[in-house]
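As the structure is a prediction and not an experimental result, all values here were calculated from the model.
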Amino acid sequence: MRRSSLALIVLLIAAPAFAQEPVGCDKFKWLLEQERALPASASEVPSGGEMPKPLTAAAMVTLAPFADAKLPIAPSHAPKSPDSYAGFVRVSALSKAGTYRVTLSKGAWIDVIQDGRQLKSGAFSGASGCENLAKSVKFELAATPFVIELSGTTAHAVGVVVTPD
């Protein structure tokens, strides 16, 4: 009994180490070479602004303190800190429906709103230690305009790019 209790305690102490994000650009679940290069040439967009065209162009979205961000819909995940930043960017209608990746240069919570409702995210990939890339999330999008909300980050600006999967 004592031995199994000790093993359980060791596993509980070690669990956070197993849950850490992988490190390095090659640790994402899918290739992001195109997205990796885009934030370096991103155009600055204020929160509430419009993503540049073509869609695969990146935007550096300026964020505001969470309390002042005026997000269209409350985030699906509450920020861990009241001192976090948030913002959103509008995206015009897509040429066709399909699976798209929303990729960020910094860690932040991503919500996508289309036709007045929050979309359920698909696959997720994240890694640390990769310049210009931190997170990529897949969404099934219709060929209508949508909004990308960012929240729960300490960054004052986040590079965003939307690419077809």
Side-chain angles (χ1 to χ4, degrees), residues 16 19-95 98-114 118-141 145-165:
Q20 291 179 0
E21 283 188 339
V23 177
C25 297
D26 61 336
K27 301 302 185 223
F28 287 94
K29 294 176 186 172
W30 46 84
L31 290 177
L32 294 170
E33 287 307 310
Q34 176 186 4
E35 291 87 344
R36 185 174 177 207
L38 291 170
S41 62
S43 54
E44 202 168 308
V45 176
S47 180
E50 188 83 22
M51 279 287 284
K53 292 182 183 177
L55 185 59
T56 56
M60 184 60 69
V61 182
T62 305
L63 306 177
F66 181 77
D68 303 329
K70 299 179 183 167
L71 299 174
I73 295 179
S76 61
H77 188 268
K80 292 179 183 175
S81 168
D83 297 329
S84 67
Y85 287 81
F88 65 99
V89 64
R90 300 177 190 284
V91 183
S92 57
L94 300 167
S95 59
T99 304
Y100 289 82
R101 296 185 300 253
V102 177
T103 304
L104 305 181
S105 65
K106 305 278 185 195
W109 187 259
I110 304 170
D111 283 305
V112 172
I113 302 148
Q114 191 170 49
Q118 283 179 336
L119 300 183
K120 183 177 173 92
S121 62
F124 157 88
S125 187
S128 60
C130 182
E131 187 177 356
N132 295 330
L133 290 179
K135 183 177 191 176
S136 187
V137 180
K138 295 181 181 184
F139 292 91
E140 287 297 322
L141 297 170
F146 60 98
V147 172
I148 300 169
E149 283 189 350
L150 308 171
S151 61
T153 182
T154 57
H156 295 259
V158 174
V160 178
V161 65
V162 179
T163 52
D165 190 31

Inset, instruction - Sort out for me which residue in V112, V89, D111, I110 forms a side chain to side chain contact (heavy atoms under 4.5 Å, CB included) with E149. - result: D111
Inset, instruction - Check L150 against L71 and note the closest heavy-atom contact, atom names and distance. - result: O-CD2, 4.4 Å
Legend entry - Validation row: S105, V158 side chains within 4.5 angstrom (heavy atoms): yes
Inset, instruction - Please name the pair of heavy atoms, one in M60 and one in G159, separated by the smallest distance, quoted to 0.1 Å. - result: SD-N, 3.4 Å
Inset, instruction - Would you check if the side chain of S43 reaches a backbone N or O of A59 as a donor-acceptor pair within less than 3.5 Å? - result: no
Inset, instruction - Could you tell me whether a side-chain N or O of Q118 sits under 3.5 Å from a main-chain N or O of A74, the two making a donor and an acceptor? - result: yes
Legend entry - By side chain to side chain contact (heavy atoms under 4.5 Å, CB included) - contacts of P145 (at least two apart): A93
Inset, instruction - Measure the CG-CG distance between D68 and L63 for me, rounded to the nearest 0.5 Å. - result: 12.0 Å
Inset, instruction - Write down the atom of F66, the atom of S151, and the distance for their closest heavy-atom approach. - result: CE1-CB, 4.3 Å
Inset, instruction - State, yes or no, whether a side-chain contact exists between E140 and L119 at a heavy-atom distance under 4.5 Å. - result: no
Legend entry - Distance (rounded to the nearest 0.5 Å) between K120 NZ and S76 OG: 10.5 Å
Inset, instruction - To the nearest 0.5 Å, tell me how far K80 NZ sits from T153 OG1. - result: 11.5 Å
Inset, instruction - Please name the pair of heavy atoms, one in Y100 and one in L94, separated by the smallest distance, quoted to 0.1 Å. - result: CE1-CD1, 3.6 Å
Inset, instruction - Quick one: closest heavy-atom pair of M51 and V160, and the distance? - result: CE-O, 3.7 Å
Legend entry - Between CZ on residue F139 and OG on residue S121, distance to nearest 0.5 Å: 5.0 Å
Inset, instruction - Check H156 against Y85 and note the closest heavy-atom contact, atom names and distance. - result: CE1-OH, 2.8 Å
Inset, instruction - Could you tell me the separation between the CD1 atom of I113 and the CZ atom of R90, rounded to the nearest 0.5 Å? - result: 9.0 Å
